[in-house]
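To find a chain, count down the sequence lines: A is the first, B the second, and so on, and within it residues start at 1.
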Protein chains: 2
Amino acid sequence: MASIKDVARAAGVSVATVSRALSGRGNVSAAAQAAVQRAASDLGYVVSSSASGLASGRTRNIGVLVPVINHWFYASVLEGICTALMREGYDTTLYQLTKDSGQRHQIFSDFLQRQRVDAVIAVNVELSEQELVALHALNKPLVGVGGPLPGVPTLHVDDEAVSALGTNHLLSLGHVRVGYIGGSSETDLDFRVPSHRRIGYERALAEAGIDVDEQLCVSADFTMGQGYTVAKQLLGNPATRPTAIFAASDEMAIGAILAARDLGLQLPQDLSVVGVDDHELAELFGLTTIRQQPHQQGELAVAMLLKAIRGEAPARAHHLEHQLIVRSSTSRPATDA
Amino acid sequence: MASIKDVARAAGVSVATVSRALSGRGNVSAAAQAAVQRAASDLGYVVSSSASGLASGRTRNIGVLVPVINHWFYASVLEGICTALMREGYDTTLYQLTKDSGQRHQIFSDFLQRQRVDAVIAVNVELSEQELVALHALNKPLVGVGGPLPGVPTLHVDDEAVSALGTNHLLSLGHVRVGYIGGSSETDLDFRVPSHRRIGYERALAEAGIDVDEQLCVSADFTMGQGYTVAKQLLGNPATRPTAIFAASDEMAIGAILAARDLGLQLPQDLSVVGVDDHELAELFGLTTIRQQPHQQGELAVAMLLKAIRGEAPARAHHLEHQLIVRSSTSRPATDA
DNA sequence: ATGAAAGCGCTAACAG
DNA sequence: CTGTTAGCGCTTTCAT
């Protein structure tokens, strides 16, 4: 394991010059720069993260907090983060923030305290007051993605606008009985998203002069399986069934499509469905949806964070773009004739 | 930020004793132990990873190499790894090994060289000879999950046995025309899995005295979308269509089920389908499958690695259990009458 | 069982 | 622009 001394010797300069040449901090003559570069690559020298971290206080490592990994949205954001960080020479250290309070406590009181990371990205995590305090007490740059976090600049789509758009798409096609599949109050606690989505849905209806029919609003946990289950309930009774459904996630929307098929309903003649996400499966099901781009959200979060680390800008919360993608799951309702 | 000196002072002992008490290395009297523990928690002291790493050479951090994150299998393994490592007080640092050769090179020549990790878990990554050499040159404990890696103890299911089991299930039901959806030669390079799965399929047929019909064997990329596409081809011609399909992943199997439905085929009367994984969606589709438990594979990999780190055991490659889960997607073929 | 002290490998004043 | 040097906070001999 070559050390900085070896490089200094080989390059015929002092260790300080090596440090400067390799880190790009401080002035180094072109000649020295070249000599160092050459010696370093000859020796296969790479700066030790521990030594550098100890001396400088900078680790070139970012902590990422996620509630679950095995889920399209989180995995996509994580990929974006990881890709962007790597490009900048940063490592990504992953902390899964489950429901287990012991584990959570350990993360905030040990893992994040041991100075392994320069900053933290929190993806859609819901924190207790205490946890939030602990996070801020780190005194490190923080960026949120997804759910808003008090005091933390956060990137997320405008959930209310998203669902208003989806609902309006259906209303504009002529649907009047528009169902809603959202998050349960339980998942509400984690995401804060469903309630905003619900509000957007209700707002769109109100603007169209339509009353909310509680019978048409059901809750699931954002998965395809639950989407299927609740949609079957919603669609089972031909007398009360909606002609269209707005689902707060593509996975639930696809569950609803499968339920409709199993009930013998044809899309879009008998039922229109709109989702949210533009999940990788949306196309396969011809699902009309509102696209959000989690991968890109991750990359953006990294960009914001690095700015903060470099002291360039006071990161600000930010609404991300969303876009209606119309496919074959929506059309005008069948005329009752 | 309290340092070890502060703790030493507060506990009335030397820094050496604090270090010993907190790390559990070396002998410490019960009294000193208690005093240190108390002082540390009073001060909210946590060992600095950089300082400890620099002094000891141990980082309490494990590097995980994955080809992609946004995929059920990888995300599940990763969750298992992350959970198990956290339980042991280790951090998880993620390296996504894409196809980009520049990025890959950077990972092996920089990221893994900077001594940030004590050991590496490689999940289903296919390495070049050079990369493999670089990995071994780290001289750190290594464990593989999924695809076998030369010279690295690896955990994985017996792919040949898995597909032989799936195929045999279909044969035992009386199917004779059994199709196969496997990986393409392109994905073969990454996984090495498809070829083993293909071999198991062929072995099962051979043992039943059935010749492989190349017309019935198609390739996809392990996704639902491609599974759908190739299955439509496979099932389109009623004269040549198989009565059963064995797919090398549940996602492809589900794609095949969707294709069959779109072609007006009833499962399991007109077509039986078997997958591999026991993906979270398998139940929704009533898919008969061979379960492998990636989350558990991740946990096991961690256990093996920690043993190696502690110098306890020479980790050995290992076949993991798999299990046939019979659901409603398989039955006897319809009698031609 | 405990303490003193020598590093671990690097960075960042500081002096020139 | 460059070199010297004092730490960064901890671990680990080596004594005692």
Atom pair distance, as rounded to whole Å: [atom1] in [X] and [atom2] in [N]:
X: B/L54; N: C/dA6; atom1: CG; atom2: P; answer: 17 Å
X: A/R58; N: C/dG9; atom1: CZ; atom2: C1'; answer: 15 Å
X: A/R60; N: C/dC10; atom1: CZ; atom2: C1'; answer: 15 Å

#### Entry: Minimal non-hydrogen separation, B/F73 against B/Q297, with atom names
CZ-OE1, 3.9 Å
### Task
Grab the two heavy atoms, one from A/Y45 and one from A/A2, that are nearest each other, plus how far apart they are.
CD1-O, 3.3 Å
## Note on the structure
Nt span of DNA chain D in reach of chain B heavy atoms at under 4.0 Å, 5' end first, is D/dG9 to D/dT13
#### Entry: Side-chain heavy atoms of A/S49 within contact of A/N61, under 4.5 Å
no
### Task
State, yes or no, whether a side-chain contact exists between A/N124 and A/H156 at a heavy-atom distance under 4.5 Å.
no
### Task
Could you tell me whether B/S19 contacts a base, only the sugar-phosphate backbone, or nothing, with contacts defined as non-hydrogen atoms closer than 4.0 Å?
base
### Task
Have a look at B/R114 and say if it touches a base, only the backbone sugar-phosphate, or nothing, with a 4.0 Å heavy-atom cut-off.
nothing
Taking atom [atom1] of [X] as the centre, does the number of heavy atoms from other residues, nucleotides or ligands within less than 6.0 Å exceed 12?
X: B/H318; atom1: NE2; result: no
X: A/R316; atom1: CZ; result: no
X: A/K307; atom1: NZ; result: no
X: A/Q130; atom1: CD; result: no

### Query
Which of residues 10-18 of chain A have a heavy atom under 4.0 Å from DNA chain C?
A/A16
### Task
Please work out which residues in residues 24-38 of chain B have a non-hydrogen atom less than 4.0 Å from an atom of DNA chain C and list them by number.
B/N27, B/V28, B/S29, B/A32
### Message
Less than 4.0 angstrom from a charged side-chain N to a carboxylate O is my criterion; do A/R38 and A/D42 meet it?
### Response
yes
#### Entry: Value rounded to 0.5 Å, distance of OG in B/S48 from CG in B/L54
9.0 Å
